[in-house]
Amino acid sequence: MLATYSQKFILPTYLVILILLNFSCQQPKRESLKDEFSSDFRIGVAVNGRQVTDEEDGADSLLHLHFNSLTPENGLKWSRVHPEEDRYSFEFGDAFVTKGKELDAFLVGHTLVWHQQIPDWVFQDQEGQLIDAELLQKRLENHIETVVGRYKGDIHAWDVVNEAFEDDGTWRKTSWYLLMGEDYIAQAFRKANQVDPNAELYYNDYNVWKPEKRKAILEMAQALRKQGVRIDGIGMQGHYRLDFPSLDMIEQAILDIHEAGFDVMVTELDVDILPRPSDFDGADLEISFAESERWNPFKDWITHEKEAELVRRYQSLFQLFRKHSDKISRVTFWGLHDGSSWLNNWPVRGRTNFPLLFDRNKRLKPGFLEAIKSE
Ligand code: GLA
């Protein structure tokens, strides 16, 4: 009787469990960027509001599988987080931190001091006249105290200052610079460090591969250190093109930043594949550019050849980054997938661009991981 029972139920159930277990072990492991580079550097991505609140289908699983660092694309910029003098908006920031905790990710705040995406009131009095250095410093300190203070211990690092230099290495004549002089940089770093002494603090800029710009940045950063101001790393934004800048230029930047004693990060990586009109100005012109096939050649789909060219560019960039993984702590993509890239709208509005490693269906572009693994 017992034997019949076990033959009928227990043994078959046991066998089914064994088969299922065996099957699940044989499931191919899903390929993951962060696993592939786990002994090299963190793999980060810039996220938007719909991605941190799970409103965008499929974003969450992509974030979990591939990324161990997040940066807010726009949500913590001054205009979003502090639109009016007495009004802060923390909806995005709070959701960003929640998502970061779910992922156990290294969170980078972006950005405390920049000349773009900042409201006019910051630099003006009620009559619209420019304020003096003292009041601007006070506003800066209040901003840092409130924003960095709110996320103390949750956001692990900050891009404290963004884009203070022109490409030729001269100071960018922003309202910060014009009102406070060079000192605004030291003030911002000092305050951020005072509010959260455990947060890492970075300077971030584009075209760091340009020697004259890099020289100015590194001199500024070293001068800060000499004054006892904390500055941990230099973010190279990494808005690259298919054939430019050269790997040699990027490599020299990595070497120089490291040699100067700073952590190197690639903070805003993307590869623009579209042609760039160099002599345009005005918004109207931009619209007609987008309508013209010449400036929007892959309006509906990208050719295999072009996609393969993009993947090869990423492959060579990551080969270089891996070669210098002792100097680079993080590589962050500027956008989760092609559909959410700012490059669909810059420098020409309304184009279809394909600058990231994930396409509009959130599929990892074929060939990248295979090529990296086979090295
Ligand atoms: C700069 C900024 C980013 C972002 C990009 C383009 O690189 O640092 O926050 O605005 O421009 O979108």
Side-chain angles (χ1 to χ4, degrees), residues 44-52 69-83 92-93 96 107-119 122 143 147 155 157-167 172 174-177 184-185 188-189 192 200-210 213-214 217 220-221 231 233-241 244-245 250 253 257 264-274 276 283 286 290 317 330-356 358:
V45 63
V47 282
N48 63 33
R50 297 187 65 240
Q51 291 159 350
V52 292
S69 175
L70 302 181
T71 303
E73 185 181 2
N74 290 303
L76 285 181
K77 288 174 180 168
W78 197 309
S79 56
R80 295 284 183 95
V81 76
H82 192 180
F92 173 90
F96 172 73
L107 297 188
V108 183
H110 174 85
T111 172
L112 296 171
V113 180
W114 194 25
H115 60 286
Q116 307 247 36
Q117 295 180 261
I118 182 160
V122 178
H143 178 82
V147 179
I155 289 190
W158 283 92
D159 288 339
V160 178
V161 176
N162 206 30
E163 303 176 358
F165 292 95
E166 302 285 358
D167 280 3
R172 192 187 286 279
T174 63
S175 300
W176 293 110
Y177 181 85
Y184 80 90
I185 303 213
F189 275 92
E200 291 190 12
L201 304 180
Y202 313 136
Y203 174 85
N204 190 51
D205 215 326
Y206 62 85
N207 290 353
V208 179
W209 52 268
K210 288 197 173 179
K213 187 169 196 172
R214 182 166 68 246
I217 292 169
M220 172 277 294
I231 169 166
I234 306 293
M236 314 194 298
Q237 288 186 4
H239 297 297
Y240 299 140
R241 307 195 63 200
F244 199 78
I250 300 171
I257 296 171
V264 185
M265 283 149 295
V266 182
T267 53
E268 303 187 16
L269 183 61
D270 47 29
V271 175
D272 188 356
I273 66 151
L274 295 182
R276 201 171 275 187
E286 289 183 23
L317 285 168
R330 171 171 55 97
V331 178
T332 288
F333 291 88
W334 204 246
L336 186 54
H337 55 83
D338 288 341
S340 62
S341 168
W342 71 296
L343 288 170
N344 293 303
N345 287 305
W346 189 90
V348 177
R349 280 189 184 283
R351 296 196 292 182
T352 312
N353 212 332
F354 302 81
L356 293 165
F358 292 91

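As the structure lists them, so they are numbered: ligands from 1, and atoms in each ligand from 1. Just so you know, these numbers use all the heavy atoms, side chains as well, and skip hydrogens, waters and symmetry mates. One is the number of the first residue; the rest follow in order along the sequence.
- Taking the six-membered ring for Trp and thresholds of 30 and 60 degrees, Trp334 and His110 have ring planes more than 60 degrees apart, a perpendicular arrangement.
- When all heavy atoms of Tyr202 and Arg330 are compared, the closest pair comes out as CE1-NH2, 3.6 Å.
- For the side-chain contact (heavy atoms from CB on, under 4.5 Å) with Thr111, the qualifying choice from Asp159, Ile118, Thr71, Leu76 is Asp159, the only one to do so.
- Taking a heavy-atom cut-off of under 4.0 Å, ligand 1 is surrounded by Lys77, His110, Trp114, Gln117, Asn162, Glu163, Gln237, His239, Glu268, Trp334, Trp342.
- When all heavy atoms of Val47 and Leu70 are compared, the closest pair comes out as CG1-CD2, 4.2 Å.
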Under the ring pair (Phe, Tyr, Trp, His ring centres under 6.0 Å) rule, what do Trp342 and His239 come out as? Steps first, then yes or no, please.
CA-CA 11 Å; Trp342 71 296; His239 297 297; 5.0 Å; yes
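- Taking the six-membered ring where tryptophan is involved, the planes of Trp176 and Tyr184 are essentially parallel, since the angle between them stays under 30° and well short of 60°.
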